[in-house]
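Every value quoted in this text rests on a predicted model; they were computed, and no experiment measured them. Values below: all heavy atoms of this structure, side chains included; hydrogens, waters and symmetry mates excluded. Residue numbers begin at 1 in each chain, while the letters A, B, ... track the order of the sequences.
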Amino acid sequence: MALGADWFAGDVHELARALIGTELLVGGVGGRIVEVEAYRQDDPASHSFRGETPRTRTMFGPPGRIYVYRSYGLHWCANLVCGPVGEASAVLLRALEPTRGLEEMQLRRGVDDPRLLCSGPGRLCQALGITGEDDGARIDRPPFVLEPRSGEVDVAVGVRIGITKAAEQPWRYGLAGSPYLSRPFSPGAR
DNA sequence: TATGAGATCAACT
DNA sequence: GTTGATCTCATAC
């Protein structure tokens, strides 16, 4: 049974941790989530920190939706909105372990190495075909499917990547030891 | 292996 | 006018 939108109504950090190992598919293409980062409204690094704007409108809406924005004027980055309505917290999808639709992703990305298909927010969106068109879409409606993980996973914790504000916060979560991370976690981090 | 430039857009100063 | 939750490609060691 796929995870519904109300599954995202809880605490963003618990959800970030719980998302590791779940399988995200877009139109039958995707893989296991191996790396995410948590952002909250009281977080200076979050887009929602300074209040609602046309771009961040989705973050302030109901949980279980997808917040997509353009990064550096070039790449798309996808988040899953968490928490109660209006809390404006979200989980940034940073890396997947490709499991389904490899050929499709290789075609979209123009590379063959599975480790390079989804290891990074921009790459992930390109591989799955996520664009600004998908902003505000529900995670539990086609073409999106989020399958719960089967069994326990070893979740690593570390500092977030590529930001300058609140950069010391350990709000990056990942599957320990996975070769599909955008960057490895420090050994022993938990 | 490492550093640097370019792409290109919304929000902020 | 500057900055940023990025990535690719080129050039240099």
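Shown here are the ring pair (Phe, Tyr, Trp, His ring centres under 6.0 Å) partners of A:W76, two or more places apart in sequence or in another chain: there are none. Residues satisfying the side chain to side chain donor-acceptor pair (under 3.5 Å) criterion with A:R70, sequence neighbours excluded, are absent altogether. Contacts of A:Y69 classified as ring pair (Phe, Tyr, Trp, His ring centres under 6.0 Å), with partners at least two apart in sequence or in another chain: A:H47, A:Y67. Residues that satisfy the salt bridge (Lys or Arg N to Asp or Glu O under 4.0 Å) test with A:R55, not counting sequence neighbours, are absent from this structure.
Side chain to side chain, A:T58 and A:R65 fail the donor-acceptor criterion of an N or O pair below 3.5 Å. For the residue pair A:S178 and A:E97, no side-chain donor N or O sits within less than 3.5 Å of a side-chain acceptor on the partner.
When atom types are taken as modelled, the side chain of A:E35 and the backbone of A:S182 share a donor-acceptor pair closer than 3.5 angstrom. With hydrogens and angles ignored, the 3.5 Å screen pairs a side-chain donor or acceptor of A:R108 with a backbone N or O of A:A127. A:R94 contributes no side-chain N or O that, together with a main-chain N or O of A:Y173, makes up a donor-acceptor pair within less than 3.5 Å. Although no hydrogens or angles enter the test, the distance criterion places no donor-acceptor pair under 3.5 Å between the side chain of A:R57 and the main chain of A:G136. Under a 3.5 Å cut-off, the side chain of A:R149 and the backbone N or O of A:I20 do form a donor-acceptor pair. A:Q106 contributes a side-chain N or O that, together with a main-chain N or O of A:D112, makes up a donor-acceptor pair within less than 3.5 Å. Side-chain atoms of A:R138 never come within 3.5 Å of backbone atoms of A:A5 as a donor-acceptor pair (strictly under, hydrogens ignored).
In DNA chain B, runs of at least 3 consecutive Watson-Crick or G-U pairs, each pair with both distances below 3.5 Å, span B:1-7 with C:6-12, B:9-12 with C:1-4.
Listed by residue number, A:R123 are the residues of residues 123-135 of chain A with a heavy-atom contact under 4.0 Å to DNA chain C. Residues from residues 36-64 of chain A with heavy atoms under 4.0 angstrom of DNA chain B, sorted by number: A:R50, A:T53, A:P54, A:R55. DNA chain C lies under 4.0 Å from at least one heavy atom of each of the following residues of residues 106-118 of chain A: A:R109. Near DNA chain C, meaning a heavy atom under 4.0 Å from it, residues 66-91 of chain A has A:Y69, A:S71, A:Y72, A:H75, A:N79 in order of number.
In this structure, CZ in A:R50 is found 12.5 Å from CD in A:Q41, a value given to the nearest 0.5 Å. In this structure, CD1 in A:I161 is found 9.5 Å from CG in A:L92, a value given to the nearest 0.5 Å. Rounding to the nearest 0.5 angstrom, the gap separating the CG atom in A:D42 from the OG atom in A:S48 is 8.5 Å.
Going from the P atom of C:dT8 to that of B:dA10 covers 22 Å, rounded to whole Å. On the C1' atoms, C:dA5 is 22 Å away from B:dT3, given to the nearest whole Å.
Sorted pairs that involve residues 122-136 of chain A and meet salt bridge (charged side-chain N to carboxylate O under 4.0 Å, His left out), not counting sequence neighbours, are lacking altogether.
Along DNA chain C, read 5' to 3', the first and last nucleotides having any atom under 4.0 Å from a heavy atom of chain A are C:dG4 to C:dT8. Between chain A and DNA chain B, the heavy-atom contact criterion of under 4.0 Å yields a 5' to 3' nucleotide range of B:dA7 to B:dT13.
Looking at heavy atoms from C-beta onward, A:I139 lies in side-chain contact with A:L24 at the 4.5 angstrom threshold.
For A:E152, the CD atom sits in a loose shell: 12 or fewer heavy atoms of surrounding residues, nucleotides or ligands are nearer than 6.0 Å.
Under the 4.5 Å side-chain heavy-atom criterion for ILVMFWY residues, a single connected hydrophobic cluster contains both A:V12 and A:L146.
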